[in-house]
Structure formats: C-alpha cells, structure tokens
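To start, the structure under review is shown below, and the notes come after it.
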2 protein chains.
Amino acid sequence: MNAAGLKKGLKATGRRVTRTRQAVLGLLERTPQPLSATEIFEQLQKENVAIDLVTVYRTVHVLKELGLVAQIELHHEGQARYEIKEGREHHHHIQCQMCGAIVDLLLCPLKKITKLIESQTKFVVDDHTLEFTGLCPRCQ
Amino acid sequence: MNAAGLKKGLKATGRRVTRTRQAVLGLLERTPQPLSATEIFEQLQKENVAIDLVTVYRTVHVLKELGLVAQIELHHEGQARYEIKEGREHHHHIQCQMCGAIVDLLLCPLKKITKLIESQTKFVVDDHTLEFTGLCPRCQ
DNA sequence: TCATCTATTGCAAGTGTATTGCAATTATCA
DNA sequence: TGATAATTGCAATACACTTGCAATAGATGA
C-alpha cells in the first residue's frame, strides 16, 4: 500500500493516520474496479475491519482531498464510486448495462475538444465527465 | 407546443392526454435550459397549474419513454434534469460551477471515438454521457 | 349527453445515498 | 504516560426519487 503517500498527505493537512483510513485506501488499491461506499463498507466488514458506513463516506472524502482517490459517477447508477488515482493516467470508463462490469478506457480524447469548447462558449473549462454504457463481450 | 406528437405518442401506447402532461411538455418546450423535477414543479405552481411533485416524476418518465424528452445528469448535481429532445440534435452541456448556468454544446465529438472504444474493449456501445464544468464568461 | 371503465393523480409512506451533531474513542506529541 | 484535539460510531436528518392506494378524470360507446 502507498502508506507513505497517505501518511505524508495526512500529516501535511494536520490529520491523523488511522486504521480505517489505511484500510479503505488499501482496499481500493487491491481492487481493480471502482467501488461504491456501500461496497467498501461491506467488503471491510467481511475482512473483519470494524468501520461504520458514515466513516467510509468521511474517509473517501479525505482521500479525495489528498488527491489519492478519484470519485466517478456512472450513468444512472445513483451512487458514486471511488478508485485509486495516484500513479494512474486520467481515464474514463465503460459499464455493461446487463452485468454492471466496469472497464477502464485507456484514452481520454478530450484535450483538443476542450480547446474547441472554450473558444466556442467562452467558458474556462475545469473538468469533464465521460462515461459509456453498452454490452460487454459476455453479455452480447 | 408539439401537441400532435404528444397526443400521437400517448394514444399509441394506450395512455391518456392529460392537462399535466401537456403542461410539463409545454413548460420544457418554452424553457431554454434543462429543468429538474423540482424546478418543473415550482414553475408550474407559479403558473397556477395544480400538479404534485410525484406526478412531475411520473410525467417526465412517460415523456422520456415517448422519446420527447431527454434526461441529463450533470456533474455532481445530485439530481436529473430534463430537456426537449424532439427536433433537436444529440448534444452535450457545459455548466458554470459558480452560477450554475447551463449552455448547450453544439457538437458531439464521440462518433469516431465510439468505434475505437468498441474495437478496444469488445463492448457494443449503446450510450454515453459527456458533461463539462468550468467558469462561464461572467464568473471568470 | 351520460354512464362506464380504467388510466392517472395526489397524498402518505417508503427507499437509498449521503450528510450532520454530538458524545465516546483514539492518535499524536510533549 | 497524560493532555489535547482529531476521529469515529450512532442516531438523526436531508434530499432525490419511488411505490401503494383510494379518489379523480379522460376516453369510449350507447
């Protein structure tokens, strides 16, 4: 686990290194798919890590602030998911509408398009979301 | 108002032409921005159209099924918005993170990219979401 | 026009995700 | 080790949206 990065970030912002923060970060690091707060909660329960769902929410919030974790919102899912950000390229996702599987897309095609949008709208673009849905090879 | 389209769609699916359905469609047609269910509810109240919030939700659901209205979900807004679909090109939006203003983007750059993603992931892509956030000219 | 049938509506209650207040707990540091 | 302040768990709350059911109101045929 990126314990050093976690510790450094927490210290730098006057926060404490706790069991639960380490457990949540550790779980996200060893899970390939983005997890929802509920999934984090349930998985840690299974692993006998005592943690409240409220604490999961507060923890992912902190991890986001430290830049260690990214929050993603998939199409019509009605809940946020979290994944490790540190050491990974900016990317997007595709989700199967049958089985719910989530796969990373390794390209983000929006850099050029962002320039175009800025000149068209006179906005200063700060961020974007891009998510695809469809059928995965198994569910076709 | 596209009363003909509404009537035709409703009849074709064994549904009834009601005051509330006409009122919701009419409001969406004369409002340039996408509206949330609560905003539809409040605006119709102002106009002395008696309607319950529950009915707004049920109505936009029907209008979506008829293909007359599109549901959009902006970045971190936590609520869906609805806009007229009929007669309009497929498009996306940019929202100002200061004042909340929503502006249409007149291009969708994802047709070519969709092909690429399909060959990369072996998914069959069905839909996508793409939303930008930033600062509008006034708020910069 | 009126009666009948059934879709639609409003109200109340219920879901599910996420947040907040506060007292109890625990990490940190002298 | 003991003081102090951040963190946690629990209960309550907020908010978007949905569901059950009785009352209402379109649609249809006589």
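To find a chain, count down the sequence lines: A is the first, B the second, and so on, and within it residues start at 1. All of these numbers come straight from a predicted model, not from anything done at the bench.
- If you check the side chains of B:Ser36 and B:Thr38, you find no donor sitting under 3.5 Å from an acceptor.
- Atom P of nucleotide D:dC17 and atom CZ of B:Arg81 are separated by 10 Å, given to the nearest angstrom.
- Salt-bridge check for B:Lys64 with B:Glu83: failed, with every basic side-chain N at 4.0 Å or more from each acidic carboxylate O.
- Put simply, CD on A:Glu131 and NE2 on A:His75 are 9.5 Å apart, with the number rounded to the nearest 0.5 Å.
- If you run side-chain contact (heavy atoms from CB on, under 4.5 Å) between B:Thr55 and each of B:Val60, B:Thr18, B:Thr20, only B:Thr20 comes through.
- Taking the six-membered ring for Trp and the full ring otherwise, B:His128 and B:His92 have centroids separated by under 6.0 Å.
- Using a 4.0 Å cutoff on non-hydrogen atoms, the parts of residues 39-76 of chain B near DNA chain C are B:Ala50, B:Ile51, B:Asp52, B:Val54, B:Thr55, B:Arg58, ordered by number.
- B:Thr13 and B:Arg15 share a side-chain donor-acceptor pair at under 3.5 Å.
- More than 12 heavy atoms of other residues, nucleotides or ligands shown are found within 6.0 angstrom of NE2 on A:His76.
- In this structure, B:Glu77 places its CD atom 10 Å from P of D:dC17, rounding to the nearest Å.
- With salt bridges taken as basic N to acidic carboxylate O contacts below 4.0 Å, one links B:Glu77 and B:Arg81.
- Just one of B:Ile72, B:Leu130, B:Leu105, B:Val103 meets the side-chain contact (heavy atoms from CB on, under 4.5 Å) condition when paired with B:His93; it is B:Ile72.
- Rounded to whole Å, atom C1' of C:dA27 lies 13 Å from atom CG of A:Leu6.
- Checked by atom type, the side-chain pair A:Gln45/A:Gln43 shows no donor-acceptor distance below 3.5 Å.
- Each end of the helix from C:dT1-D:dA30 to C:dA30-D:dT1 gets its own rotation axis from five pairs of C1' atoms, and the angle between them is 30° to the nearest 10 degrees.
- Proximity of residues 10-19 of chain A to DNA chain C (heavy atom under 4.0 angstrom from any strand atom) is restricted to A:Lys11, A:Arg16, A:Val17.
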